[in-house]
Amino acid sequence: MEVNEVFEKVKTLFEEELGIDSEKINMDAKLEEDLEIDSLGIVEVVMAFEDEFEIEIDDEELTDVGTVGQAVNLLHSKL
Amino acid sequence: MTKQRVVVTGLGTINPLGNNVSDTWKKLVGGVSGIDYITLFDASDLPVTFAGEVKNFDANEYMGKQNARKLDRSGHLSIFAAEEAIQDAGFDLSKPLGEDFGIVFGTGIGGIGATEDAVRVYDERGSTRISPLAITQLMPNSSTGQVAIKYGIQGPSLTITTACAASANAIGEAKRMIEQNIVDKVLVGGTESGTTSMTIGAFAQIKALSKQNDEPQKACKPFDKNRDGFVMAEGSTVLILESESSAKDRNVEVYGYISGYGSSTDAYHITAPSEGGVGALRAMEKAISNADISNEKIDYINAHGTSTPANDLNETLAIKSLMNDYAYEVNISSTKSMTGHLLGGGGAFEAMASLLTMKNNQIPPTINLNDSDEDCDLNYTPNHFVDKNMDHVMSNSFGFGGHNAVLIFSKQ
């Protein structure tokens, strides 16, 4: 799967599952500041990623994930 | 420091009758039932297929999907009712209410729906698929915390869970907080949204619910000979309580004084009222003593009046013991005949109904009261509202666990 395909899937997931306004979702968007995803929301995001992409994400892998782009790249690397 | 008198300066509500105070009052006076067949889930296999549901409310539309999905339905209803009350009391919604504001909520079963959802997910998919929002939605203090966050309330907070007396206790305890100068304004709410297939089933198992599935609007008939149980309902009601001096400083209109509060415990049976309603009687006596008036000054009683055989009989006996001959004169009604039983939200709703009754000098009826029960022979204001000048009104709330809470409201 290409990076842009992963991004589109992430965008749809954020929009439909979490109710985030699609206009805010781009590769540079910060998860906490721009998309208002708090610490509980991050857990939801990870669960949604795991279900959508059929992968497992460890907490340690999230340390450097602060933007949509970083999340997309992490997912891409695991597929 | 002198003891502060406590007034109510704001009201807000969302309930089976209406999504604001004005619509709700019109339905109450008009004797309109808010009960209907259950639409929130498929109830066709349940022994009871009707309830009092909030209508025409879409949480996603109201607060946006991203916010709405973080709360369970009780949280949505609490935030909605609080908005109306805060505005009604003349506060600016764009500014945090701050440290001078306390918050007390009452609920019977909190986010029971979220509990059920989490258990279902756990059973089907295991612990790692449980929503991270489950705990914050199911905890009984969820509304207290979420409303405080939304409106910036930073004073003392409490959540009271004395079943169906919860939000009457909440108002009483908030009254004490203001009287004792702990804080001069308190947002008090009562919320319940616990109508689920499990709770309907469980309440039906203990024979607490009416099973008159053929005519939902007529099922709740407090004090009627053919009453057979209460009707589950959901909703939230919020009151802004304030010291008299604070209300005067702000130059705002008041609905009335909270002049009396009494509470007691049956210590008898976990669901059945004590024989002769002696526990309820003690709470009424304490409230009247707290209001420093005589029994005959009470112009109206908003009864607990659930429509269960045991409650209505024992509440009647308690009122007779309290008031003797005057018991046959005083106007009584059960607004639950129209709303159904809001459980932990009932005390706050009925406090609002009592304040509006006193302010408007109109007594909402007990609807569906057609066949008199020889043991329930007081003046329950059957089926039509009554005009009457009132100075003092009383509201009764009793809960499983044997909790009794009684409030008295006064014009002056």
Side-chain angles (χ1 to χ4, degrees), chain A residues 7-72 74-75 78-79, chain B residues 57-80 94 96 110-111 113-154:
Chain A
F7 171 75
E8 286 305 323
K9 283 198 169 218
V10 168
K11 189 177 173 185
T12 307
L13 202 143
F14 277 15
E15 234 182 299
E16 289 177 3
E17 297 281 319
L18 306 181
I20 294 169
D21 186 356
S22 64
E23 287 175 17
K24 292 184 187 169
I25 308 168
N26 57 63
M27 289 290 272
D28 294 329
K30 295 189 176 77
L31 298 176
E32 281 192 50
E33 289 166 42
D34 299 328
L35 305 187
E36 298 173 57
I37 300 173
D38 63 10
S39 57
L40 301 177
I42 293 291
V43 181
E44 282 201 290
V45 167
V46 169
M47 283 171 56
F49 285 164
E50 289 179 335
D51 284 348
E52 175 71 27
F53 297 100
E54 296 179 341
I55 54 172
E56 278 189 32
I57 301 171
D58 295 330
D59 287 352
E60 297 78 51
E61 294 179 281
L62 296 169
T63 326
D64 295 325
V65 175
T67 65
V68 172
Q70 287 161 346
V72 167
L74 170 67
L75 294 169
K78 293 177 75 78
L79 293 173
Chain B
F57 176 72
D58 181 343
N60 290 337
E61 208 171 282
Y62 173 58
M63 57 175 67
K65 188 178 171 188
Q66 193 176 358
N67 291 320
R69 56 186 306 288
K70 293 177 184 168
L71 282 68
D72 93 318
R73 191 166 162 90
S74 14
H76 301 148
L77 301 180
S78 298
I79 284 180
F80 185 89
S94 66
T115 309
E116 292 178 37
D117 290 343
V119 171
R120 221 167 278 134
V121 170
Y122 172 77
D123 284 346
E124 287 168 12
R125 303 188 63 201
S127 69
T128 61
R129 297 295 102 182
I130 295 172
S131 167
L133 304 173
I135 295 295
T136 53
Q137 290 181 345
L138 67 84
M139 58 190 195
N141 57 316
S142 188
S143 282
T144 321
Q146 297 288 8
V147 170
I149 291 166
K150 175 71 182 170
Y151 302 109
I153 298 172
Q154 296 171 310

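Residue numbers start from 1 in every chain, and the chains themselves are labelled A, B, ... in the order their sequence lines are given, proteins ahead of strands. Only a predicted model underlies this, so the values are computations on that prediction, with no experimental measurement involved.
- Contacts between B/T128 and chain A at a heavy-atom distance below 4.5 Å involve the backbone alone (N, CA, C, O).
- Around NZ of A/K30, the count of heavy atoms belonging to other residues, nucleotides or ligands within 6.0 Å does not exceed 12.
- Here the closest heavy-atom approach between residue B/K65 and residue A/E15 is recorded as NZ-O, 4.1 Å.
- In terms of heavy-atom proximity, B/S131 sits nearest to A/E44 at OG-OE2, 4.3 Å.
- The neighbour count for A/E56 CD, taken as heavy atoms of other residues, nucleotides or ligands under 6.0 Å away, does not exceed 12.
- Surrounding OH of B/Y122 are at most 12 heavy atoms belonging to other residues, nucleotides or ligands under 6.0 Å away.
- With values rounded to the nearest 0.5 angstrom, A/L18 atom CG is found 5.0 Å from B/R69 atom CZ.
- At most 12 heavy atoms of other shown residues, nucleotides or ligands fall within 6.0 angstrom of atom CD1 in B/I135.
- In terms of heavy atoms, A/D51 sits closest to B/R125 at OD1-NH2, 3.0 Å.
- Contact between B/K70 and A/E36 at its shortest, heavy atoms only, is NZ-O, 3.8 Å.
- Applying the 6.0 Å contact sphere to CG of A/D64 captures no more than 12 heavy atoms from other residues, nucleotides or ligands.
- Interface remark: A/L35 contributes backbone atoms only to the contact with chain B (heavy atom separation under 4.5 Å).
- Shown here for A/L40 and B/P132, the closest heavy-atom pair between the two residues is O-CG, 3.4 Å.
- The part of B/I130 that comes within reach of chain A is its backbone (N, CA, C, O), which places non-hydrogen atoms under 4.5 angstrom from that chain.
- Counting heavy-atom pairs closer than 4.5 Å to chain A, the top residue among B/N67, B/N60, B/L133, B/T136 is B/L133.
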